[in-house]
There are 2 protein chains.
Amino acid sequence: MSFSHFDAEHCFINKFTTLIAGKWKPILLYLIQNDINRFSLMMEHVPNISRKVLTEQLRGLESDGLIYRDELKSKAPKVVIYHLTEKGEKLRQLVDEIIRWGMTYDKEEVPDEMKKILDSDFAQ
Amino acid sequence: MSFSHFDAEHCFINKFTTLIAGKWKPILLYLIQNDINRFSLMMEHVPNISRKVLTEQLRGLESDGLIYRDELKSKAPKVVIYHLTEKGEKLRQLVDEIIRWGMTYDKEEVPDEMKKILDSDFAQ
DNA sequence: CGGAATCCGATACGATACTG
DNA sequence: CAGTATCGTATCGGATTCCG
């Protein structure tokens, strides 16, 4: 078994982690997965993120082909909706699994309130 | 459904990605999972990593409780072996799943040689 | 063998003000 | 509404040298 291929650029696990590298990208992906898919909505739901950084992270996800911008052609108030691309959809399941792992990883750290939210998010 | 809890520190998906944040941490975890578990071994298998950075990343994984240092009490040539902790073991399956995702994510990007290596790694 | 210490440059992140 | 533009800070990764 050779690991010489596992440099930072070509290792598969790093392929994943570099795709979602960035303090907010994972959250943003998760939000978009759940239709929190507009700039102002994300600003509301993500505390303490600046406009600049939000823009940067979204652009990063876009240039990695995980999301795309749907800019509606209305005049006055600009409307932009973000969606997962086909590539991004392939991440959905993995993202969900990571959240499930987070819930069982350190059970005492999960506040009850959060458990309820997550249960209602994923149960159906 | 509320997402107000999904700040960078408490979001579960970010809990994961911050644990393994760092250019080499994912690879190092994977190597240790597969018993490439000594400083010099890792230096060989990870191209272009410096001693300093390797040390830092290992210390990071250690202080996050994912690995522990087993420093053998031999005299002259120091021997240190890294192992997964119980906490780290809980990541093993997820790490493997991410690698599998990587293999199917962009099939044309996977060189045949790599496929064989991965097949033999995981088949049994 | 397995580090520690120092220095340095490149990003990444953040606060703020302005705009089509 | 959904961004730019500018500036400042901090953290990270890398090269090198020295050590028990």
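When reading the values below, keep in mind they use all heavy atoms of this one structure, side chains included, and skip hydrogens, waters and symmetry mates. Per chain, numbering begins at 1; letters A, B, ... match sequence-line order.
In this structure, Q57(B) reaches the dG13(D) phosphate: one of its side-chain N or O atoms is under 4.0 Å from OP1 or OP2. For R69(B), no side-chain nitrogen or oxygen approaches OP1 or OP2 of dG2(C) to under 4.0 Å. Put simply, T55(B) has no side-chain N or O that comes within less than 4.0 Å of OP1 or OP2 on dG3(C).
Here dG2(C) presents its P atom at 15 Å from NZ of K73(B), a figure rounded to the nearest Å. In this structure, the CG atom of L61(A) is 15 Å from the C1' atom of dA12(C), given to the nearest Å. Here dG3(D) presents its C1' atom at 10 Å from CG of L54(A), a figure rounded to the nearest Å. Going from atom CZ of R59(A) over to atom P of dC13(C) covers 16 Å, rounded to whole Å. Rounded to whole angstrom, the span from the CD1 atom of I36(A) across to the C1' atom of dC1(D) amounts to 17 Å. The nearest whole Å value for the distance from the CG atom in N37(B) to the P atom in dC1(C) is 15 Å. Here dG3(C) presents its C1' atom at 16 Å from CD1 of I81(B), a figure rounded to the nearest Å. The nearest whole Å value for the distance from the CG atom in L58(A) to the P atom in dC1(D) is 16 Å.
At least one donor-acceptor pair under 3.5 Å links the side chain of T85(A) to the backbone N or O of G65(A). In this structure, N14(A) contributes its side chain and K23(B) its backbone to a donor-acceptor pair below 3.5 Å. Here the side chain of R92(A) pairs a donor or acceptor atom with the backbone of Q33(A) at under 3.5 angstrom. Without hydrogens or angle criteria, Q57(A) side chain to K25(A) main chain gives a donor-acceptor distance under 3.5 Å.
Relative to the side chain of P77(B), the nucleotides dG20(C), dC1(C), dG3(C) differ in distance, and dC1(C) lies closest. Distances from the side chain of Y82(B) to the nucleotides dG2(C), dG3(C), dG3(D) place dG3(C) closest.
Within the structure, the salt bridge (charged side-chain N to carboxylate O under 4.0 Å, His left out) test picks out the following pairs touching residues 51-62 of chain A (sequence neighbours left out): K52(A)-E56(A).
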So which protein nitrogen or oxygen atoms get under 3.5 Å of nucleotides 14-19 of chain D's nitrogens or oxygens?
residue	atom	partner	partner atom	Å
dG14(D)	OP1	K23(B)	NZ	2.7
dG14(D)	OP2	W24(B)	NE1	3.0
dG14(D)	N7	K52(B)	NZ	3.1
dG14(D)	O6	K52(B)	NZ	2.1

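Across Y82(B) and M42(B), no two heavy atoms sit closer than the pair CD1-CE, 3.8 Å.
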Determine, stepwise, if the pair E97(A) / R100(A) fulfils salt bridge (Lys or Arg N to Asp or Glu O under 4.0 Å). CA-CA 5 Å; E97(A) 283 186 50; R100(A) 291 179 184 286; over 6 Å; no
